[in-house]
Amino acid sequence: MSLFSSDHKAVARGYLWGGLGFLLLGGLLALIIRWQWAWPGQPVPGLAWALPESRGALTPPAYTAVFTMHGLIMIFFAVTPLLFGALGHFVLPLAIGARGLAFPRLSVLGFGLYALGGALVLASFVVRLGPASAGWTAYPPLSTPAFTPGLGQTLVTVAVLCAAASAFLYGLNFVVTVVRCRAPGMTWGRLPLTVWGLFFASVLNVLFVPVLAAATSLLLMDRLLGTQFFIAGAAAVGGGGDPVVYQHLFWLFGHPEVYILILPAWGMVGDFVAFFSRKPAHGYRLTAGAMGTVTALSGLVYAHHLFTSGMSPLLGRTFMVLTLLISLPAEVMYLNWLMTLWRGSVRLTAPMLAALGSMGVFGLGGITGLSLGAVATDVPLHGTLWVVGHFHLTMGAASFLAVFAGLYFWFPKMFGRAMHEGLAKAHVVSSAVLFVGVFGGQLAAGYAGQLRRLYDPYQYTYLKHLLPLNQWTSACAFLLGAAQVLFVVNLVWTLRRGRVAGPNPWKVGTLEWTCAPSPPPAGNYDPVPVVLRGPHALSQPEVLEVLGKDWIGQAETLPDAAVDAPALDDTGDGRSLGVGGVATSGGVA
Amino acid sequence: MTPRHAAFPLPTRRAPPHMALVLTLLALTMAACRSRPTPTFEPLKLADGRVVPAQTLSRGHAVYTHYCESCHGVLGDGQGPAGRGMRPVPRSFRQGLFKFGGVAAGELPTDDALKRTLRRGLHGTPMFAWDVPESDLDAVVQYLKTFSPRWKEEAPGTPLAPTPDPWKGRESEAVERGKVAYHVAGAGNAGCASCHVAYLPRAEWAGLMEKALGRKVDLSRVDPYTAQPRDSQHPVQVDAKGEPTQTQKLLPPDFLFHPLRTVWPEGEKVDGAPYTAERQREDLYLVIAAGVGGAAMPTWKGAIPEENLWALAYYVQTLVRLRDSDEARALKERLRASTAPVQ
């Protein structure tokens, strides 16, 4: 399979390597930020080649560039591509029994755009005046030429536009694929929760990524063509525009983006707690419905990012109520996960540990977010590290752990080799614990009033005493970085000489595990399976009785019940007729 | 819901319609590459014989863009978008005029003085200590000389280094002498109180004058406790060419309440070292000796005896120590109440 193959599995692999590469880059940038907060102005070990003037110490412009690029890279080029580009592209068609995506060539174009964006991001590091440095949100006037005249800011803005175009394309592709290309019998009620998560998130991509594209395009026009959509005040000529409009546009995309990053994670967690508790997912319909409700509400809460922007207090109250409402479906879903685990036969495999870790950090992040959704508590916490800790727990740590849950889970299917369980478990458990250390430290510093993005917080007398806390937080961050070596070692080792995995190492019933070898061939299924049941048919008494195992494939017929289902093979004419016969007789009776 | 059949990746005939999108993005990328051209520089010949290589200026331009431009402006005229409305106004480098040059007021400052301001910032203004790395410090200092032709015509002044402190160990004596030098004009005294406010009640002040000058002075019709804004050459607005169209009036600082630009409170960390009483006195001495470029404060070095310069530093330090304290407010009240002048 070449780079330009339009097979969804090949595209997924492209996104996987790209996403992992950018995850590494974004992570290293994060460690540099942590270094600055622990030892401000001290030379960063090994960075002297990049910053020769200061012998490796972060200067204020270098620092602003580093935290800006960390955020941009992680969101647009690492986590989203890993969730959708890698796991989404790979899993979605397989899980619904499709032979590929609805628009295979569109997915290749999307990957091409992502690659172009990635190249522009990398290029921005070597241009004069450095990469983007207006914060990941790129608020004007900081992102206008008056404050960031460098070429880097422009390149990165174009790169974000590329990533947005790519996200829109795969979003559209996924939506159409799920609606039109499900296998026979794969009803909406039989979709794995992962597919539900990806589907809802894709709907959000289609609806809201164009808003980002619009805001970014207007910003680019301000930068390049002399328009003044967002330029006001001293930098404007004549009347000028309004920078706050950009904030509204940005968060109209930005808040749904948070759900874009977490919905696939929720879906995977929902599936994995069922798979590894060997139980059907508790309240499957309610969980899927809760995800749908969150999706429906997600565009109506964005202005809680703007409580302090001078917005009308009436709007503030409205958005506060909507924001607090959205936590209700999330709680329903969370309780369903807990109910699934309750009295389950829990198997603590690596994907399960990662999913549980994701649940844990998401819970913490969700609870700390309530104080930001309410106006009164948001006003003092706005712009502090409390916000940073909160959103890193939800869409950073929770999404990261879900990515690795998915990766450890589907890796055997992707590459035909199973990753080393011990290393994988050590990786996800240490990561989860250290995530809590790092982002818990940030929450504490934020609660003490430390503002985010400060180059040297200790210039402020009231923050001086936070130095030891920040040093401990940074120590956790460096350990977290070191823990990722476990994954890299595991990855390299597995790809070279990992244990060859069978078609269904996890003993679960979804289509990709029960109807296709590992890795699946081009075209996935031949013939396309006919789906008979939902994705979590685990520990069913009749299956145990007849087959002697606690799982059954979504398309697998139970010998006794074979007459109730249409058969796959050509020899089954009689049985097919039998179906009609049974139905008819039932009707008559 | 009816089950549907799986999609097959079907080959299509036409050229992909999304080519237009790719082309648009490419066009945008190209446009990006010409957003703002990188300026090219000629080596800069300074009047003191040094030649700044073009490479240094180019680096200095980058450093200026990162650290300085948003306030001091692309043209160096102090009219950057973030500097509008700032008081004191961001320096216009086009005048070649600097407040704290460490040389006689009005002369061009030395590189060391410029770097010192960059390293330490200016207390009480948005000009912070910016942590510019040492080598970049030199580049940006050379670069800002491109804004004014003065640098090509005039050599920097001789730095006025502090002389040895003649009052060491005799602090109270120095303060007494400084009080006289501050409040009395003439006879080797500076008469600072005629611009800055006075810090003595009228009666005491008149007594001091009589003692120093040998004659009675009528203070009944002056208000020595309210400072008046003085003219300066610092532009608030400039025309298209960067020439000042309106200058700012400056209030001579009231030491009890205003932060001094080059003087920090004792005990703070300035330029990486604790700020001691001695360093504070030295900084006071430097400003008193050199004056403030472009403002009404003249150069006092040579105009009054060296020991009076130091005595003034000692005296002003006693006022600076009171800054923003209840004691300072009480003193101010006392002064304002001293309306009964000597007849």
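Below, chains carry the letters A, B, ... as their sequence lines are ordered, and counting in each starts from 1.
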Would one find more than 12 heavy atoms of other residues, nucleotides or ligands at under 6.0 Å from atom CD of B:Glu278?
-> no
Where on A:Tyr455 is there a heavy atom nearer than 4.5 Å to chain B: the side chain, the backbone, both, or neither?
-> side chain
Considering all heavy atoms, the nearest B:Asp136-A:Glu53 contact = OD1-CG, 3.0 Å
Would you indicate whether B:Glu42, at its atom CD, is surrounded by more than 12 heavy atoms from other residues, nucleotides or ligands within a distance under 6.0 Å?
-> no
Within a radius of less than 6.0 Å around CD of B:Glu268, do more than 12 heavy atoms belonging to other residues, nucleotides or ligands occur?
-> yes
Are the side chains of A:Arg128 and B:His61 in touch, meaning some heavy atoms are under 4.5 Å apart?
-> yes
Relative to chain A, which segment of B:Ala82 carries a heavy atom at a distance below 4.5 Å: side chain, backbone, both, or neither?
-> both
What part of B:Phe128 gets closer than 4.5 Å to chain A, counting heavy atoms only: side chain, backbone, both or neither?
-> neither
Please indicate whether B:Arg329 has more than 12 foreign heavy atoms, meaning atoms of other residues, nucleotides or ligands, lying under 6.0 Å from its CZ.
-> yes
Residues, nucleotides or ligands: over 12 heavy atoms within 6.0 Å of A:Tyr460 OH = no
Any chance CZ of A:Arg55 has more than 12 other-residue heavy atoms, nucleotides or ligands included, within less than 6.0 Å?
-> no
Of the listed A:Ser217, A:Gly189, A:Gly523, A:Ser54, the one with the largest count of heavy-atom pairs under 4.5 Å with chain B is A:Ser54
Work out which heavy atom in B:Glu69 is nearest to a heavy atom in A:Ala146; give both atom names and the distance.
-> OE2-O, 4.2 Å
Highest number of heavy-atom pairs under 4.5 Å with chain B among A:Pro141, A:Ser133, A:Ala159, A:Pro60 belongs to A:Pro60
Measure distances from A:Gln459 to the heavy atoms of chain B and classify the residue's part below 4.5 Å as side chain, backbone, both or neither.
-> side chain
